[in-house]
Amino acid sequence: MPTVKDYIRERFFPHIWCPGCGHGTVLKSLITAVMELELSKNDIVVVSGIGCSSRISGYVDFHSLHTLLGRALAFATGVKLSKPELKVIVPMGDGDALSIGGNHFIHAARRNIAMTAIVMNNRIYGMTGGQFSPLSGLGVAATTSPYGNIDYGFDVVELARAAGASFVARTTTYHALQMIEIFKQAFMHKGFTVVEVLTQCPTYFGRKNKLGGAADMVEWFKKNTTPIGSEAKQKDASLIERGVFVKVEKPEYCSEYDKVIARATGRGA
Amino acid sequence: MPTVKDYIRERFFPHIWCPGCGHGTVLKSLITAVMELELSKNDIVVVSGIGCSSRISGYVDFHSLHTLLGRALAFATGVKLSKPELKVIVPMGDGDALSIGGNHFIHAARRNIAMTAIVMNNRIYGMTGGQFSPLSGLGVAATTSPYGNIDYGFDVVELARAAGASFVARTTTYHALQMIEIFKQAFMHKGFTVVEVLTQCPTYFGRKNKLGGAADMVEWFKKNTTPIGSEAKQKDASLIERGVFVKVEKPEYCSEYDKVIARATGRGA
Amino acid sequence: MERCRLVFSGSGGQGVITTAVILAEAAVLYEYLEASQTQAYGPEARGGATRSDVIISDSRIYFPKVTQPNVLVCLTQQAYNKFNDIIRPGGLLLSDSKYVKTESRVDARQIQLPMYQEVTERIGKPIVFNICMLGAVLGLTDLVRPESVMRVLETRIPAGFLEMNRKALDLGMDLARKVIP
Amino acid sequence: MERCRLVFSGSGGQGVITTAVILAEAAVLYEYLEASQTQAYGPEARGGATRSDVIISDSRIYFPKVTQPNVLVCLTQQAYNKFNDIIRPGGLLLSDSKYVKTESRVDARQIQLPMYQEVTERIGKPIVFNICMLGAVLGLTDLVRPESVMRVLETRIPAGFLEMNRKALDLGMDLARKVIP
Amino acid sequence: MSGIVRFLQGNEACVEAALYAGVQFYAGYPITPSTEIAEQMSYRLPRQGGKFIQMEDEIASICAIIGASLTGHKVMTATSGPGFSLMQEGLGYAIMAEIPCVIVDVQRGGPSTGLPTGPSQGDVYQARWGVHGDHAIIALTASSHQDVFEMTVHAFNMAETYRTPVILLFDEVIGHMREKLVMPEAGEIPVVGRLRTSVKAGVDYHPYLPREDGRLPMSDFGGEHRYNVTGLFHDMWGFPSDDPRVVHGLLRHLVDKIRNNVEVLTRHKEYYLDDAQTILISYGCSARSALHVVENRRARGERLGLLELQSLWPFPYDLVEEKCANARHIVVVEMNMGQIVRCVKRAVRHPNRVALANRIDGQFITPTDIRNILRLIQGKGV
Amino acid sequence: MSGIVRFLQGNEACVEAALYAGVQFYAGYPITPSTEIAEQMSYRLPRQGGKFIQMEDEIASICAIIGASLTGHKVMTATSGPGFSLMQEGLGYAIMAEIPCVIVDVQRGGPSTGLPTGPSQGDVYQARWGVHGDHAIIALTASSHQDVFEMTVHAFNMAETYRTPVILLFDEVIGHMREKLVMPEAGEIPVVGRLRTSVKAGVDYHPYLPREDGRLPMSDFGGEHRYNVTGLFHDMWGFPSDDPRVVHGLLRHLVDKIRNNVEVLTRHKEYYLDDAQTILISYGCSARSALHVVENRRARGERLGLLELQSLWPFPYDLVEEKCANARHIVVVEMNMGQIVRCVKRAVRHPNRVALANRIDGQFITPTDIRNILRLIQGKGV
Amino acid sequence: MAKRKLKEHHINREWCKGCGICVRFCPKQVLSLDEEEKVRVLHPEDCICCKMCELRCPDLSIEIETEEEGESST
Amino acid sequence: MAKRKLKEHHINREWCKGCGICVRFCPKQVLSLDEEEKVRVLHPEDCICCKMCELRCPDLSIEIETEEEGESST
Ligand SMILES: Cc1ncc(C[n+]2csc(CCOP(=O)(O)OP(=O)(O)O)c2C)c(N)n1
Ligand SMILES: Cc1ncc(C[n+]2csc(CCOP(=O)(O)OP(=O)(O)O)c2C)c(N)n1
Ligand code: SF4
Ligand code: SF4
Ligand code: SF4
Ligand code: SF4
């Protein structure tokens with residue numbers, strides 16, 4: 001039976017992430033999901049942008065495309081549409097995905113092209129040393145918000161839903177089992193899927209915002225999140241919901257394109 | 001009593017828009033709203049991108065900034081934040097606003113910075129001769145969708161809401177009175193406001209999709225839209241709703257920045 | 001044949017550009033001649049006078065724009081006023097009697113034909129006005145054979161409309177013949 | 001004074017870079033000397049051995065990187081292994097007894113001090129480990145006066161912590177004095 | 001050239017050529033004067049089972065074609081100045097990651113939005129230096145639809161041969177005008193296919209290790225070889241490295257694979273150079289006016305010649321030096337403030353003999369313009 | 001220079017200088033190795049009532065500062081190669097619309113993502129030619145924090161004087177290293193303020209009609225004069241025009257206002273040039289290593305000199321020609337594959353005497369590197 | 001406010017492009033297009049001064065001048 | 001499926017960075033960090049094989065090898 005080691009590029013370990021960085025847990029869950037789905041390594045392309053999170057692509061033993069900040073989904077669209085039989089997984093940082101990459105994010109969602117965008121939301125720009133991101137939220141301390149952040153944060157779930165994603169979910173690095181479960185659903189969904197994973201950057205977000213060590217931050221995810229529509233949520237509105245928010249079947253872009261070809265070549269409808 | 005002529009740059013009329021182009025009606029309503037609000041021409045900056053719609057900035061006798069395709073809101077953000085006392089109005093084409101400009105659109109909404117984005121939605125790229133836009137919708141005929149468009153369209157209202165806009169409305173060129181009314185509310189709202197105006201491009205969208213002449217297209221707006229939550233809507237779900245969808249009070253970006261300055265200079269909280 | 005330079009002008013909807021393209025295409029594909037076609041683009045081209053240049057020749061054409069046309073066609077007054085002075089002295093200036101009032105001072109063979117009127121009266125479909133105009137040009141210049149034009153049209157319009165276009169083309173040629181014995 | 005080139009090395013959290021900056025800043029602001037400080041950046045800098053170069057001199061410094069340090073400080077074994085061979089023959093190599101096992105073949109004055117141990121025992125706050133190390137460097141080199149270092153610290157840390165840092169600095173100097181009579 | 005005769009726009013000729021060269025994927029964003037390329041592609045590609053996608057902008061467009069190239073397809077995008085500016089970061093990525101792709105820039109009046117419908121040749125230097133960091137690039141141009149066709153096919157061939165982006169620098173005049181094109185028959189112009197590795201599954205494949213002949217065989221994403229592609233400096237497996245030797249080696253490789261092949265890469269045409277006392281050097285639409293003048297003058301017995309450049313980058317310094325060795329006057333005809341003329345000055349033995357005949361007012365330079373400038377240069381006054 | 005002494009990073013020195021010059025608005029996006037500029041600005045600006053905003057990307061950043069400049073503020077943004085590539089379209093707009101603004105590019109290893117933390121000087125030519133269409137640009141650089149300060153102030157002054165974007169081309173070494181800065185006192189370096197029109201309300205104001213002295217007084221958005229700003233070719237009121245005379249005139253103006261002022265715009269330093277037989281020409285961080293070598297050799301009596309360029313664009317051809325007139329060897333020291341060396345070759349009388357001393361492996365070029373190359377150039381072997 | 005009464009239709013023939021929108025939606029069929037495809041006021045007497053034509057006209061070429069009921073046009 | 005029984009904790013000391021996440025959330029306090037800040041298995045006997053440490057470990061440095069109840073480890 002294959003183990004995680006069969007899916008990683010072992011020679012690059014230990015990885016460059018800081019002690020306690022949640023990105024490693026996402027990596028582990030991603031691989032576990034692929035393993036449990038028994039997908040072939042040759043059928044998977046991992047496309048990433050730039051950032052600590054984006055380094056994931058270098059560690060997995062799939063076809064890997066490490067691109068430009070914010071552009072991963074645009075590259076991925078080319079990969080997917082040109083060869084729809086491939087599974088395209090796009091791990092992204094929150095800044096990468098929603099700051100500079102926001103437009104590609106909403107357009108990939110709009111087209112409902114079958115790819116999985118994993119938004120590794122640590123609420124900070126890790127790679128560049130701790131500037132606030134569009135997911136930091138009000139009041140957060142970051143190197144570019146010394147007086148407290150006044151930028152509202154996006155709600156990734158709402159944005160993805162409004163843009164047209166047909167599968168949208170949220171989980172955290174504490175909830176590793178749920179993460180794996182959601183990844184499995186996402187990878188098999190026929191349409192654009194977004195999975196937001198709340199993850200910890202102890203080095204910058206944790207330190208700047210006095211949240212203690214990595215374990216404390218993971219504990220925070222445990223305490224401050226709850227399943228969608230749980231009773232707890234009714235009582236305490238401040239809780240963040242976890243689970244699958246959107247899961248609808250609607251025509252996927254590549255299949256629709258096949259119909260265009262059929263129409264153009266006069267073969268069938 | 002001032003007339004419309006006092007608010008336009010008369011020497012450039014007749015304007016370059018095609019016969020029956022709805023952009024002219026939007027221009028007229030914009031001016032009427034400003035007139036009725038008795039705003040001073042020196043306090044208004046109209047910032048636009050590129051496109052037939054964006055030519056509006058050249059016709060109004062306000063401070064006018066005709067920028068780059070998709071970037072109007074980014075320029076406008078600089079204008080507004082550096083001089084918050086100005087009223088900033090940003091007329092945009094649907095491609096301009098939501099294709100290449102999509103990222104600036106959602107980020108301006110996220111910051112809730114007090115400006116009005118008028119999305120002149122003719123569901124086509126007019127200036128370049130009739131390619132489909134992210135608002136064209138499925139099945140539409142355009143020069144780049146000869147076999148019928150397979151790109152889903154954005155719902156501007158839902159996208160603006162999800163991104164954080166505090167005022168979101170929709171109207172059409174048939175409903176000129178409503179347009180003026182909505183513009184007046186939008187211009188006075190303290191936050192980021194989005195007004196989608198369904199408008200006609202008889203030259204490309206109309207011709208390509210066999211919708212008849214300009215008047216027929218305006219008639220279509222009359223027949224196929226209805227006030228938010230009207231009975232008609234209950235009966236016929238295909239009807240497009242008009243009116244104000246979102247109107248909430250929440251801290252505006254420039255005012256919040258004043259607080260940052262206060263904190264930084266130690267003057268008050 | 002010696003090189004012929006034409007400028008077609010009129011307003012947006014009149015199909016001036018299509019006419020120019022059809023003529024040039026006919027020359028290249030069915031008369032084994034060289035031809036080039038260019039036109040004014042941009043928002044300016046939208047309102048106001050449109051213009052399309054065509055050069056037809058039996059030798060290669062390098063510079064494709066027309067500075068002094070031997071043949072100038074004007075389908076609107078605006079176009080006539082804007083372009084009449086670029087015509088080659090002694091050149092042929094064709095205009096439509098309904099839309100254009102000509103001026104005497106123009107140094108050219110000015111020919112006015114009631115093309116629009118005739119088209120509406122006899123065919124009843126103003127859309128083929130431009131084809132009638134093309135017929136007139138052929139009648140006046142013998143640049144290409146009408147058959148060649150028809151062959152181009154066959155590739156461009158549904159069979160159902162061919163007959164009407166043929167009529168319009170002939171109509172234009174007849175009108176032209178009347179003025180040149 | 002003649003030019004002194006130092007390299008401080010250790011692991012991420014040990015405050016190696018801060019120490020380098022404090023020393024150089026003290027030299028410039030309160031000793032009227034010239035100084036430059038550079039460091040390794042990038043993800044690589046995150047895990048693994050961090051390094052910061054400092055040059056102190058009474059004349060202008062053009063090339064700010066250190067290729068052969070007169071003074072090399074290593075706070076971890078990894079750093080020691082990586083950098084010990086760049087030291088200038090006969091230079092001073094300071095390391096912490098707890099973290100580093102030295103090798104004999106290194107051509108330098110190797111000095112090991114139980115800085116970490118002493119800091120934890122006498123002050124109980126490992127954070128000031130780096131300041132203690134700085135004290136040792138001063139004790140061994142007299143590069144700048146401890147007062148100058150304290151003046152820099154005053155601008156950087158809350159008054160409450162100054163005393164503790166002063167203690168760490170002195171502790172380091174004492175440890176150094178013990179080894180040089 | 002016994003092929004079918006067509007009458008079409010330069011932009012359409014470019015599309016026909018791309019299909020001839022085997023393009024399978026096009027991602028683009030409309031912009032005057034290149035839009036007809038996208039429009040034609042949207043119509044033609046699906047008829048051959050190819051894919052066309054209109055992206056949200058030009059940045060996404062170039063990223064998408066890079067992705068599609070990696071799955072083993074021939075890819076292309078087209079734009080004009082403003083879009084080309086936006087593509088620079090992606091272009092740099094394609095250079096660094098060595099991705100075959102073709103980028104068309106149908107030039108219009110710049111800078112900025114400039115003159116969207118006016119002809120210009122102002123992006124020549126941007127094509128060479130628009131990307132940050134050291135790099136080299138291949139750029140071709142053409143002055144007739146027949147050449148547009150040929151150069152477009154060459155562009156795809158060079159992209160595949162050297163694993164690099166190739167730029168086609170056309171202009172508004174060529175893009176929009178209609179003229180004759182004799183469609184080359186299949187095989188008439190050689191077409192270079194994607195070179196795929198012969199390394200078997202399980203054997204270590206090096207995507208970035210050049211073969212003896214300098215070429216780097218590729219392996220399609222989805223295939224047996226799983227490697228890494230990055231815009232960071234990388235080793236022969238494609239994994240990030242900041243080892244000075246690796247960095248130095250890669251940068252040299254990226255530049256030398258093009259610099260060392262200038263001769264093979266150079267395409268040009270010449271008219272009456274043998275005995276020419278005055279040589280016009282031109283390219284793209286300007287070359288048409290230049291040729292018009294040359295033919296005219298020759299008819300009158302004047303010793304005028306034309307060197308038409310179809311390769312702009314890498315610039316053929318040696319070719320220009322050789323051809324101009326005996327010329328008394330060298331006049332560069334281009335529609336900008338003097339870009340290629342800089343290279344010509346560097347190339348020739350007597351830079352002081354080089355003059356510029358240009359036009360920068362958004363109008364197509366006419367034979368008359370050139371004639372007038374020639375008179376002045378030859379000292380004959382106006 | 002009796003000012004306060006500071007010990008800080010080059011990026012911080014740049015911020016101090018910008019504040020000294022009166023910057024009031026900064027929009028930016030973090031990127032190594034320029035990030036400290038944004039971070040410092042976010043802390044310092046609000047303390048003086050200025051505004052800092054972190055935009056969604058670099059494109060938005062340059063657009064935002066252009067907007068803020070139009071309301072009458074001194075503005076700036078900072079980035080590095082990848083971001084600078086993304087800014088090219090906006091930069092072209094600022095050139096066309098003549099908007100004063102300062103753009104800092106702290107260079108790192110390219111092309112593409114390259115070596116984010118490695119030093120390089122590879123963006124020099126991009127700074128000149130990255131924008132589509134013909135244009136001219138001003139670019140300054142510096143080799144010490146004292147110079148970073150001075151050049152940054154000059155950059156703001158030139159931006160205001162010529163109504164144009166000015167680029168500060170720094171590098172990773174200068175940006176990140178810490179050294180001494182003696183803060184100039186107020187007034188010690190002249191600061192040029194925004195030139196506002198004296199035209200009264202109601203009187204026709206021409207935002208694009210140069211005065212006798214060539215300057216174009218501005219009027220703040222929100223003021224009495226309502227005019228138009230566009231990236232299209234435009235008339236003296238700022239309204240779009242494709243009139244050939246207008247187009248030609250504007251393009252010439254945009255280029256000539258800079259070309260015709262090369263001397264005024266040129267900043268440089270020289271060391272021991274008078275009797276130098278070998279002249280090193282360098283700039284930015286490389287100039288530090290070069291100077292190190294020069295001082296060393298002079299101590300040994302060798303006739304070595306250094307010409308340090310602080311103005312890169314417009315390139316000071318005359319200055320270089322004059323200074324190098326009598327040199328036997330001219331060695332350009334830069335950290336790229338040879339960019340400024342191209343201009344030097346064009347400038348000097350004997351191009352064959354010009355050599356390149358460079359390093360392209362992501363490492364800071366050392367005095368030893370230069371010494372070794374010098375030996376070889378002087379024919380002394382390794 | 002007293003009922004408004006039509007004083008005059010001001011038609012700007014130079015600006016009108018004859019799109020026919022005002023004609024189509026005039027509740028009283030007051031307007032029509034003439035042979036030159038410019039708007040013409042056919043039945044001013046029927047005008048109820050709703051001004052919708054003025055507001056919808058994309059070319060800003062219609063202006064409805066009104067006066068208060070009873071007020072005489074001087 | 002039969003109940004899983006612990007066979008062995010495989011700890012990769014080279015990869016472990018001592019973040020302590022596995023220690024903090026182990027339901028049975030099986031794990032702890034040693035003086036070198038690497039994870040150490042303190043009470044293997046208490047392990048219930050939930051494998052949460054393995055799944056959460058950001059450094060992929062824990063592997064829990066199990067065997068079916070009754071099955072003997074050869
Ligand atoms: C065009 C461009 N702009 C800026 C950067 C600098 N940069 C690198 S990563 C990054 C953001 C990383 O933050 P995030 O996406 O949240 O990922 P994380 O590092 O936190 O995992 C930035 C701004 C870049 N590489 N390219
Ligand atoms: C960077 C860039 N890309 C493309 C273009 C070409 N272009 C000009 S306007 C336009 C779209 C116009 O459509 P829309 O925004 O819907 O406005 P409309 O013309 O329909 O009013 C495009 C693609 C451009 N000017 N700049
Ligand atoms: S900086 Fe933050 S995000 Fe980056 S590796 Fe470290 S902990 Fe993870
Ligand atoms: S093309 Fe369409 S959008 Fe543009 S002016 Fe004409 S009608 Fe209006
Ligand atoms: S005001 Fe009303 S009634 Fe009168 S013409 Fe206009 S639309 Fe018709
Ligand atoms: S498997 Fe579960 S019980 Fe066993 S050590 Fe890991 S976390 Fe603790």
Side-chain angles (χ1 to χ4, degrees), chain A residues 9 11-12 16 40-48 50 54-55 57-88 100 103-104 106-108 110-111 113 253-254 257-267, chain E residues 24-27 42-75 77 89-94 96-97 99 101 201 207 219-232 234 237-240:
Chain A
R9 288 158 172 162
R11 65 185 181 288
F12 299 120
I16 62 154
S40 151
K41 295 197 286 183
N42 288 340
D43 296 342
I44 300 174
V45 181
V46 171
V47 184
S48 69
I50 299 288
S54 298
R55 286 306 190 95
S57 57
Y59 294 119
V60 291
D61 185 25
F62 308 133
H63 301 285
S64 58
L65 180 55
H66 180 241
T67 69
L68 298 167
L69 186 67
R71 315 302 172 191
L73 287 169
F75 282 86
T77 298
V79 170
K80 181 67 182 183
L81 181 58
S82 64
K83 209 169 195 176
E85 59 269 34
L86 295 175
K87 276 230 176 298
V88 179
I100 190 169
N103 207 30
H104 310 304
I106 58 177
H107 282 272
R110 179 177 61 81
R111 294 189 188 100
I113 182 165
Y253 199 79
C254 300
Y257 202 91
D258 291 339
K259 295 182 191 154
V260 167
I261 292 177
R263 287 198 287 277
T265 52
R267 284 193 262 87
Chain E
Q24 296 151 298
F25 187 93
Y26 180 101
S42 71
Y43 174 72
R44 298 295 305 280
L45 267 176
R47 305 187 127 217
Q48 338 214 329
K51 309 274 175 88
F52 163 91
I53 183 169
Q54 182 174 305
M55 296 300 285
E56 49 272 27
D57 62 17
E58 290 88 350
I59 295 174
S61 301
I62 191 166
C63 294
I65 64 168
I66 292 171
S69 184
L70 281 164
T71 60
H73 300 85
K74 287 192 174 182
V75 302
T77 188
E89 191 197 12
L91 182 58
Y93 183 91
M96 180 62 118
I99 312 293
C101 54
S219 174
D220 302 349
F221 271 15
E224 289 294 347
H225 301 291
R226 297 180 303 276
Y227 55 98
N228 189 58
V229 177
T230 179
L232 289 163
H234 48 272
W237 293 276
F239 291 104

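Here the structure is a predicted model, which means the values were calculated and not measured.
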Report summary line: When every non-hydrogen atom of A:Tyr257 is compared with those of E:Phe52, the smallest separation belongs to OH-N, 2.8 Å

**Report entry** Best-contacting candidate, E:Ala60, E:Gly92, E:Gly50, E:Gly222, against chain A by heavy atom pairs under 4.5 angstrom
**Finding:** E:Gly222

Query raised in the report: Taking A:Ala72, A:Ser64, A:Ala264 one by one, which has the highest count of heavy-atom pairs under 4.5 Å against chain E?
Result: A:Ser64

Report summary line: All heavy atoms of A:Leu65 vs all of E:Asn228, minimum pair found to be N-OD1, 4.5 Å

Query raised in the report: What's the spacing between E:Arg47 CZ and A:Ile261 CD1 if we round to 0.5 Å?
Result: 12.5 Å

Report summary line: Counting heavy-atom pairs under 4.5 Å with chain A, the top scorer among E:Ile59, E:Leu70, E:Ile65, E:Ile62 is E:Ile59

Query raised in the report: Listed by chain and number, what are the side chain to side chain contact (heavy atoms under 4.5 Å, CB included) partners of E:Ala68, not counting sequence neighbours?
Result: A:Ser82, E:Phe25, E:Val75

**Report entry** Interface residue of largest heavy-atom contact number with chain A, from E:Gly90, E:Gly223, E:Gly49, under 4.5 Å
**Finding:** E:Gly223

Requested in this report: Measure A:Leu86 against the heavy atoms of chain E and call it side chain, backbone, both or neither at under 4.5 Å.
Outcome: side chain

Report summary line: E:Tyr227 and A:Arg9 have their tightest heavy-atom pair at O-NH2, 3.4 Å

**Report entry** Contact leader toward chain E among A:Asp43, A:Leu73, A:Val79, A:Val46, where contacts are heavy-atom pairs under 4.5 Å
**Finding:** A:Val79

Query - Under 4.5 Å from a heavy atom of chain A, the part of E:Glu224 involved - result: both

Requested in this report: In sequence, state the C-alpha distance, the side-chain angles, and the governing distance for E:Val229 and A:His63, and then conclude on side-chain contact (heavy atoms from CB on, under 4.5 Å).
Outcome: CA-CA 9 Å; E:Val229 177; A:His63 301 285; over 6 Å; no

**Report entry** Residue pair A:Arg55 / E:Leu232: nearest heavy atoms and the distance that separates them
**Finding:** NH2-CD1, 3.9 Å

Requested in this report: Measure the spacing between CG of A:Leu69 and CD of E:Glu89 and express it to the nearest 0.5 Å.
Outcome: 8.0 Å

Report task. Could you look at A:Lys41 and say if it's the side chain, the backbone, both or neither that has a heavy atom under 4.5 Å from chain E? Result -> both

Requested in this report: Give every residue pair that meets the side chain to side chain donor-acceptor pair (under 3.5 Å) criterion with at least one member in residues 56-69 of chain E, sequence neighbours excluded.
Outcome: A:His104-E:Glu56, A:Arg111-E:Glu56, E:Ser69-E:Arg194

Query raised in the report: How many angstroms lie between CG in A:Asn42 and CG in E:Asp220, if you round to the nearest 0.5 Å?
Result: 12.0 Å

Requested in this report: To the nearest 0.5 angstrom, please state how far the NE2 atom of E:His73 sits from the NZ atom of A:Lys83.
Outcome: 7.0 Å

Requested in this report: Compare every heavy atom of E:Tyr93 with every heavy atom of A:His66, then report the nearest pair and how far apart it is.
Outcome: O-OH, 2.8 Å

Query - Top contributor to chain E contacts, counting heavy-atom pairs under 4.5 Å, from A:Thr265, A:Ile44, A:Thr67 - result: A:Thr67

